[in-house]
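Residues take their numbers from the sequence shown, with the count starting at 1.
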Amino acid sequence: MVPCRFTALKFSLGWSITPLARRVAGDQVGSMLKKITVEELTLGMHLHELCGGWLDHPFWKTQFVLTDPADLSKLRDSGITHCWIDLAKSRNGDAAAAEPSLSLAVAEVASVDESAAAPAAARETPFDEELRHAATLFRQSRAAVRSLLNEARMGRALDTSQCLRVVDDITASVWRNPGAMVSLARLKTHDDYSYMHSVAVCALMVALARQLGQDEAQARAAGLAGLLHDIGKSCMPLGVLNKPGRLSSEEYSLIQTHPARGHELLSKSGLGDDLALDVCLHHHERPDGRGYPNRLADAQISLVAKMGAVCDVYDAITSNRPYKSGWDPAESIAQMADWSKNGQFDPAVFQTFAKSLGIYPVGSLVRMQSGRLGVVTEQNPQTLLKPKVKVFFSTSSQLHIPPEVLDLAHMGCSDRIIGRESNRHWKFKQLDELWAGPEVLQKVMRPA
C-alpha cells in the first residue's frame, strides 16, 4: 500500500496500482492490440482506435480494415499521430487470437488493482430500486442547489444546513448502490446544467472516494467539496457562462478567475472546510503544470483536488449543453484515458475513477458479438467487462428488435461486448429511457 496524506483533510488514505491486465481483461490485450504511429499504418491493417478527439480525424467510425489508399492518405494528413490496430483482424497480420478485440479504454483502465481499490462497503440495494429513490433525490437536490447558487449570486448568506442535507442524502444513496445516483446525475436539461453539474460532481466524488477505500464520513467530505467546487461561477456574468460558442480570450480569462472567486466566497461564508476550499481553488490544476490558477504540478496538487479535476471533466463532457450534445459515457472514458496519458489527470486517480464507473458506464451504447446493439443498464461489480446490457437493435437487419436484458456475467450468456459505438452516428433517441425507464426519466427531466 502506498500511503497518501493531505493535511487539510487530516486523514490518510492508501492504495496501490499494479498492472493487472491479465486478471481484468485477459492476456489478449497485449497480443491483439498494438499501438503504432500513423506513418506505420499500411493497407490491410485493422484500425481499432485513433489516439485523438473524434473531431480530429476524417472518419465517422474507427474500427475497420484500411483498404482504400485515399483513406490512408486522409488519416496521415489529419494531424492524428498514433493509433491502435487489431492484429487478429488485420489482413496482413498473423495473430490468431480467438477473443474479440477490446476497446482502447480497456487497455488503458485494465491495470487497476481490484483488491487494493476495493469499495468500502458491499452494495445492498438493487439498482432498479435505488434508481427510483435517486430520481426523487435528484429533483430535491436540484431545487436546493438552485437556491444556493441564486443566494450566492445575489450576495446573500449561504445556507449551510441545506448543503449538508444534500450531501448526506447523496452519500447515503451512493453507499446503498453506487451506480444509481451517478448515472442519473448525467441526465440534465440545458437549463439545468449550472445547478446539476454541482450535484453530479458531488455524486461522482462520493463514488470515487468509496472506490478508493475511504469510509462514509471521508466520502461525505469529498462530496461536499464536489458540491461546492464551482460556486465561484455564481460570480461570473450569465452571458459568459451560457455563451453558445467559443469564448473570447478576455472572456476565457474571466472564467479562469472562478476558482479564486469561489475560494474567497467560501472563506467568507464559513460554509466550506479546508477540503472544500482546496477543491474549489485547485480543481483546474493539472499534474503536468499546465492548469490554473497556480500552475501547480503533480505532488503539489492534493489527492482530493486531483479527484475533483477528473469528476468535473467527466460530467462536463457527458452532459448536454446549450451549444453541444454530451458524449457517450464509454466514449468519454476512452477520451479521458488519452488526456490522462498527456498529463491532464493523475493516472492512478483516473484509473480508479474509471473502475468506479465501469469501462462501459451505465448508458453506454455498445456493439455485441451477435451484431446487436445495446445500452449498458447496470454494472457487475465482479467484472468490468461484463455489465448488464439491454439489446434493442440488429445491425444485420438495421431494424429495432424487442428489448432484451443480457447479464454478460451469467454463465449461460454466450454474447459479449466487442466495442463501444457513438450515438452521433446512430442517433437513437431512446437510449436514456432504455436504461433508466420511462417513469424515472420523466421524473428526472420534468422541469422543477
Side-chain angles (χ1 to χ4, degrees), residues 133-174 180-209 219-238 240-242 255 258-259 261-273 275-277 279-281 283 304 307-308 311-316 318-322 326 440 443-448:
H133 179 83
T136 300
L137 174 58
F138 185 95
R139 290 183 60 80
Q140 294 170 347
S141 300
R142 177 168 55 191
V145 173
R146 177 185 285 120
S147 174
L148 173 73
L149 294 183
N150 286 342
E151 293 295 301
R153 186 170 293 280
M154 291 185 286
R156 297 176 180 170
L158 303 181
D159 186 350
T160 304
S161 61
Q162 193 175 33
C163 287
L164 295 179
R165 281 196 300 271
V166 169
V167 175
D168 285 346
D169 289 343
I170 289 175
T171 303
S173 176
V174 171
M181 188 67 191
V182 165
S183 301
L184 278 185
R186 184 175 57 82
L187 306 182
K188 309 172 184 68
T189 64
H190 294 164
D191 295 336
D192 273 343
Y193 176 79
S194 295
Y195 309 115
M196 294 315 298
H197 176 61
S198 297
V199 174
V201 174
C202 173
L204 290 166
M205 288 284 278
V206 173
L208 176 53
R220 190 180 299 113
L224 178 62
L227 189 73
L228 299 174
H229 81 288
D230 256 354
I231 196 154
K233 287 188 175 178
S234 65
C235 305
M236 300 292 106
L238 289 175
V240 176
L241 280 179
N242 299 324
I255 287 294
H258 83 268
R261 297 291 297 276
H263 185 272
E264 180 183 5
L265 183 62
L266 292 182
S267 297
K268 289 180 178 179
S269 70
L271 176 59
D273 57 11
L275 193 66
L277 288 166
V279 174
C280 182
L281 185 60
H283 65 277
V304 73
M307 293 165 61
C311 295
D312 175 58
V313 170
Y314 176 80
D315 185 67
T318 56
S319 299
N320 291 326
R321 308 287 288 276
V440 167
K443 181 182 290 188
V444 167
M445 303 302 285
R446 188 170 65 241

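The side chain to side chain contact (heavy atoms under 4.5 Å, CB included) test applied to Ser194 returns Asn242, not counting sequence neighbours. Considering only residues two or more places apart in sequence or on other chains, His263 meets the side chain to side chain donor-acceptor pair (under 3.5 Å) condition with none of them. The side chain to side chain contact (heavy atoms under 4.5 Å, CB included) search around Cys163 returns Leu148, Leu224, Leu227, Leu228, Leu271, not counting sequence neighbours. Judged as a side chain to side chain donor-acceptor pair (under 3.5 Å), and not counting sequence neighbours, the contacts of Thr136 are Lys443. The salt bridge (charged side-chain N to carboxylate O under 4.0 Å, His left out) search around Arg186 returns Asp432, not counting sequence neighbours. By the side chain to side chain donor-acceptor pair (under 3.5 Å) test, Gln140 is found to be paired with no residue, residues two or more places apart in sequence or in another chain being considered. Remark: His133 engages no residue in a ring-ring contact (aromatic ring centres under 6.0 Å, His included) (not counting sequence neighbours). Annotation: ring-ring contact (aromatic ring centres under 6.0 Å, His included) contacts of Tyr195 (sequence neighbours excluded): none. Applying the side chain to side chain contact (heavy atoms under 4.5 Å, CB included) rule to Ala180 yields the partners Phe127, Glu130, Leu131, Ala134; only residues at least two apart in sequence or on another chain are considered. With sequence neighbours left out, the side chain to side chain contact (heavy atoms under 4.5 Å, CB included) criterion links Cys311 to Val201, Leu204, Met205, Leu208, Phe353. With sequence neighbours left out, Ser183 forms a side chain to side chain donor-acceptor pair (under 3.5 Å) with no residue at all.
The two atoms that bring Ala203 and Val182 nearest to each other are O-CG2, 3.7 Å, heavy atoms only. When every heavy atom of Cys235 is checked against every heavy atom of Arg261, the shortest pair comes out as CB-NH2, 3.5 Å. Smallest separation of non-hydrogen atoms from Asn320 and Gly326: OD1-N, 2.8 Å. Residues Cys202 and Gly223 approach most closely at SG-O, 3.3 Å, considering heavy atoms.
Inter-residue side-chain proximity for Gln162 and Ser147 is flagged as met; some heavy-atom pair is nearer than 4.5 Å. Here the side chains of Asp315 and Lys188 are in contact, with some heavy-atom distance below 4.5 Å.
Atoms CG and CZ, on Leu137 and Arg142 in that order, are 11.5 Å from each other to the nearest 0.5 Å. Separating the CD1 atom in Ile231 from the CZ atom in Arg153 is a distance of 10.5 Å, to the nearest 0.5 Å. Going from atom CD1 of Ile170 over to atom CE of Met181 covers 4.5 Å, rounded to the nearest 0.5 Å. Note: Leu184 CG to Met445 CE = 10.5 Å, rounded to the nearest 0.5 Å. Between the CG atom in Asp169 and the OG atom in Ser141 there is a gap of 6.5 Å [rounded to 0.5 Å].
Within the structure, the salt bridge (charged side-chain N to carboxylate O under 4.0 Å, His left out) test picks out the following pairs touching residues 222-232 (sequence neighbours left out): Asp230-Lys233.
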After noting the C-alpha distance and the side-chain angles of Leu241 and Ile255, does the key distance pass the side-chain contact (heavy atoms from CB on, under 4.5 Å) rule?
CA-CA 8 Å; Leu241 280 179; Ile255 287 294; 3.9 Å; yes

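In this pair, His283 and His258 present their aromatic rings tilted. The plane angle is within the 30 to 60° band.
Side chain of Asp312 to backbone of Gly308: no donor-acceptor contact under 3.5 angstrom is found. A donor-acceptor pair is defined here as one N or O able to donate and one able to accept, closer than 3.5 Å; no such pair exists between the side chain of Arg146 and the backbone of Met196.
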